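Computation of the quantities below employed the complete heavy-atom set of this structure, encompassing side-chain atoms and omitting hydrogens, waters and symmetry-equivalent molecules. Read the numbers this way: they start at 1 and go in the same order the structure lists the ligands and their atoms. Note that the structure is a prediction, hence the values are computed from the model and not measured.
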Amino acid sequence: MASSLTTFTDEARIALDTLSGRASGLFSPSLRLGVTGLSRAGKTVFISALVHNLIHGGRLPLFEAQKSGRIARAFLEEQPDDAVPRFQYEDHISALVNDRTWPDSTRAISELRLTIEYESASGWNRMFSSGRLSVDIVDYPGEWLLDLPLLGKSFADFSREAFEMAMLPVRADVSQDWRTLSATIDPNADAYEMTARRLAESFAAYLKACKLDERALSTLPPGRFLMPGDLEGSPALTFAPLLLKGEKRPRSGSLQAMMERRYEAYKTHVVKPFFREHITRLDRQIVVIDAMQALNAGPGAMADLERAVTEILSCFRPGRGNFLTDLFSRRIDRILVAATKADHLHHESHDRLQAIVRRLADRAVARANFTGADVDVVAMAAVRATREGTVKQGRDTLPVIIGTPLKGEKINDETFDGKTETAIFPGDLPEKIDAVFDVSESDHRQSSDDPAIRFVRFRPPKLERTAEGVTLSLPHIRLDRALQFLIGDHLA
Ligand SMILES: Nc1nc2c(ncn2[C@@H]2O[C@H](COP(=O)(O)OP(=O)(O)OP(=O)(O)O)[C@@H](O)[C@H]2O)c(=O)[nH]1
Ligand SMILES: [Mg+2]
């Protein structure tokens, strides 16, 4: 009873915050755009490219307001939230444009306000709208979002599920040390800080091992164990699941009581505020996925990616049947699932990549039992690092992509120096998209030895200059399509 009362107060507070947020939105129209995705998916590059193209009037033919010349200007303004780090746009752009390097990894939430001055397309709207839209772009780790389901779980549920997942064949070996250690520990023994710390460190090491490149497994909660931010070492992060026997209430002073209290503290001080302050205020959401990496790693990784997208989508309507759902599921009205590294493929494969993402998103939507928002998909490149060309091989003409592979990248025996432009035949995505999802079909095509596509990472492109010496905006693939879906209707 007591716990459902606290939940109610929290929910009521969230509701009030949101209502007042909406009311103030009436005076200066603003749209909050959440950008999420698992680490290294391409969030930072996406935001940088989007802002750069809008500020510099990039080529965006599918973005209607720009194409019809209704955008007067777009510029950065001070963000509304003083307590959230600013998205370091200038640093990221300087890396991309001046150094031709990719921006550094960003491991926390950040925000940027982009204001667009435009002329409405209809006379009616011109009369009533201010001709100004502020887009507040919020970049946050998908790993943190995946913590939301914890709000509905007790410590006992969390512990049981953690051990179940750890015993799955894909995780059993990496979780071995932590499980062995756990087996030696009696939850009912007196609580010792050092025991708690050893368990938490061992559990965190297992979660980190799942994320290594060759595994590329999606994340298990708690998300802050991978990206602690400024919470590193705090009690709210020094806990771990325990092997519990029965559902007994823990003895006071026991390790179990300590872990339970810290787990609840994690929910109260980390997960809930994040949800309340950030997620419930979003209007639109883009989920960036690295489909190229998953395709390259084979159907097992695709299945795992699908699971992550399902979990991410279900977070946007938390706790099915809970009154939050009724209140907020209609708030985020558009979600875009975007595979953002399509420049690794020849354009002939772009539609296939998009079809693969569509299949993945459709299945995720069905499994997440998700309603109340439009979900669209796009295969795009926020920054296009390659050009296209053809290479003659005997009597065949092969479509190739041309770019500068990053220093140290390899194809067969060749290691690249980061300076030389190279033409690469990337291979085609299969025409029948079932093949990329079907684990059994791939058994004879063992992924890492014989990948369907040849995947090398390229340096960002060299920007062209006009005759007057002005650098053009960053090239992209279908960024305009993403923009049209995410904000186009607000500029109508
Ligand atoms: N070719 C190409 N590579 C990209 C593109 N977007 C991202 N990448 C690659 O993916 C890497 C990760 O991109 P980020 O934008 O930093 O990813 P993130 O999701 O912000 O990653 P974290 O901050 O670590 O969570 C980059 O360093 C690039 O190597 C793109 O549009 N084209
Ligand atoms: Mg980032």
Student: If you draw a 6.0 Å radius around CZ in Arg197, do more than 12 non-hydrogen atoms from other residues or ligands fall strictly inside?
Tutor: no
Student: Report the nearest protein non-hydrogen atom to atom 20 (O) of ligand 1: residue, atom name, distance rounded to 0.1 Å.
Tutor: Thr44 OG1, 2.8 Å
Student: Considering all heavy atoms of both residues, which atom of Val436 and which atom of Met302 are nearest to each other, and what is their separation?
Tutor: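 Heavy atoms of Val436 and Met302 come nearest at O-CG, 3.5 Å.
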Student: Which value, rounded to the nearest 0.5 Å, describes the distance between Arg352 atom CZ and Leu295 atom CG?
Tutor: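 So the CZ of Arg352 and the CG of Leu295 are separated by 12.5 Å.
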Student: Considering the heavy atoms of Thr340, write down every atom of ligand 1 situated less than 4.0 Å from one of them.
Tutor: 30 (C), 31 (O)
Student: Do ligand 1 and Pro103 have nitrogen or oxygen atoms that lie under 3.5 Å from each other?
Tutor: no
Student: Any N/O of Gly42 closer than 3.5 Å to an N/O of ligand 1?
Tutor: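 Between Gly42 and ligand 1, an N or O pair is found under 3.5 Å apart.
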Student: So for atom CZ, which belongs to Arg100, do other residues, nucleotides or ligands contribute more than 12 heavy atoms lying within a distance under 6.0 Å?
Tutor: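 Yes, because the 6.0 Å sphere around CZ of Arg100 holds more than 12 heavy atoms from other groups.
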Student: Nearest 10°: the angle subtended at the Mg ion (ligand 2) by Thr106 OG1 and Thr44 OG1?
Tutor: 100°
Student: Need the ligand 1 atom indices (1-based, order shown) with element for anything under 4.0 Å from a heavy-atom of Ala382.
Tutor: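 Checking each atom against Ala382, I get 31 (O).
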Student: Hey, is ligand 1 close enough to Asp343 that some N/O pair sits below 3.5 Å?
Tutor: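 Among all N and O atoms of Asp343, at least one is under 3.5 Å from an N or O of ligand 1.
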Student: Given that the side chain starts at C-beta and the backbone is N, CA, C, O, which of these parts of His476 lies under 4.0 Å from ligand 1, counting heavy atoms, or is it both or neither?
Tutor: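 For His476, no heavy atom sits under 4.0 Å from ligand 1.
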Student: Does ligand 1 come near enough to Lys341 that some N or O of the ligand is less than 3.5 Å from an N or O of the residue?
Tutor: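 Yes; at least one N/O pair falls below 3.5 Å.
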Student: Checking a contact table here: which protein heavy atom is nearest atom 18 (P) of ligand 1, and how many Å away?
Tutor: Lys43 N, 3.5 Å
Student: Under a 4.0 angstrom heavy-atom cut-off, which atoms of ligand 1 come close to Ala381?
Tutor: 31 (O)
Student: Are more than 12 heavy atoms, taken from residues, nucleotides or ligands other than Asp91, located less than 6.0 Å from that residue's CG atom?
Tutor: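 Buried by this count: over 12 neighbours within 6.0 Å.
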Student: To the nearest 0.5 Å, how far apart are OG in Ser110 and CD in Gln88?
Tutor: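 So the OG of Ser110 and the CD of Gln88 are separated by 8.0 Å.
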Student: Using distance alone, decide if ligand 1 has a nitrogen or oxygen within less than 3.5 Å of any nitrogen or oxygen in Val45.
Tutor: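 Yes.
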Student: Could a heavy atom of Pro141 be found less than 4.0 Å from some atom of ligand 1?
Tutor: no
Student: Do any nitrogen or oxygen atoms of Arg40 lie less than 3.5 angstrom from nitrogen or oxygen atoms of ligand 1?
Tutor: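 It does: an N or O of Arg40 is found under 3.5 Å from an N or O of ligand 1.
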Student: Using the rule side chain to side chain contact (heavy atoms under 4.5 Å, CB included), only one of Arg32, Gln79, Arg113 pairs with Ser134; which is it?
Tutor: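 Answer after filtering Arg32, Gln79, Arg113: Arg113.
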Student: Determine, stepwise, if the pair Arg478 / Asp351 fulfils salt bridge (charged side-chain N to carboxylate O under 4.0 Å, His left out).
Tutor: CA-CA 11 Å; Arg478 298 185 186 172; Asp351 286 341; 2.9 Å; yes
Student: Under 4.0 Å from a heavy atom of Ser39: give me the atoms of ligand 1 that qualify, with their elements.
Tutor: 25 (O)
Student: Measuring from Leu96:CG to Trp102:CH2, what's the distance to the nearest 0.5 Å?
Tutor: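 Reported to 0.5 Å precision, the distance equals 6.5 Å.
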Student: Regarding Arg334 and the six-membered ring of Phe485, is the cationic atom NZ or CZ under 6.0 Å from the ring centre and inside 45° of its axis?
Tutor: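 Judged by the rule (NZ or CZ under 6.0 Å from the ring centre, within 45° of its axis), Arg334 counts as positioned above Phe485.
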Student: Using a 3.5 Å cut-off on N or O atoms only, is Phe46 in polar contact with ligand 1?
Tutor: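 Checking ligand 1 against Phe46, no N or O pair falls under 3.5 Å apart.
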Student: Specify the protein heavy atom at minimum distance from atom 27 (O) of ligand 1: its residue, its atom name, and the distance to 0.1 Å.
Tutor: Trp102 CB, 3.2 Å
Student: To the nearest 0.5 Å, how far apart are CG in Leu31 and NE2 in His490?
Tutor: 4.5 Å
Student: Between Thr268 and Glu264, is there a side-chain donor-acceptor contact under 3.5 Å, judged purely by atom types and distance?
Tutor: no
Student: Contact between His344 and ligand 1, counting heavy atoms under 4.0 Å?
Tutor: yes
Student: Any idea which protein heavy atom is nearest atom 24 (O) of ligand 1, and the distance to it?
Tutor: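 Nearest protein contact, heavy atoms only, for atom 24 (O) of ligand 1 is Ser105 OG, 2.4 Å.
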Student: To which protein heavy atom is atom 32 (N) of ligand 1 closest, and what is the distance rounded to 0.1 Å?
Tutor: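 Result for atom 32 (N) of ligand 1: Val383 O, 3.0 Å.
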Student: Does CZ in Arg70 sit with more than 12 non-hydrogen atoms of other residues, nucleotides or ligands closer than 6.0 Å?
Tutor: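 Yes, the 6.0 Å shell around CZ holds more than 12 heavy atoms from other groups.
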Student: Is the contact between Arg107 and ligand 1 made by the side chain, the backbone, both, or neither, using heavy atoms and a 4.0 Å cut-off?
Tutor: side chain
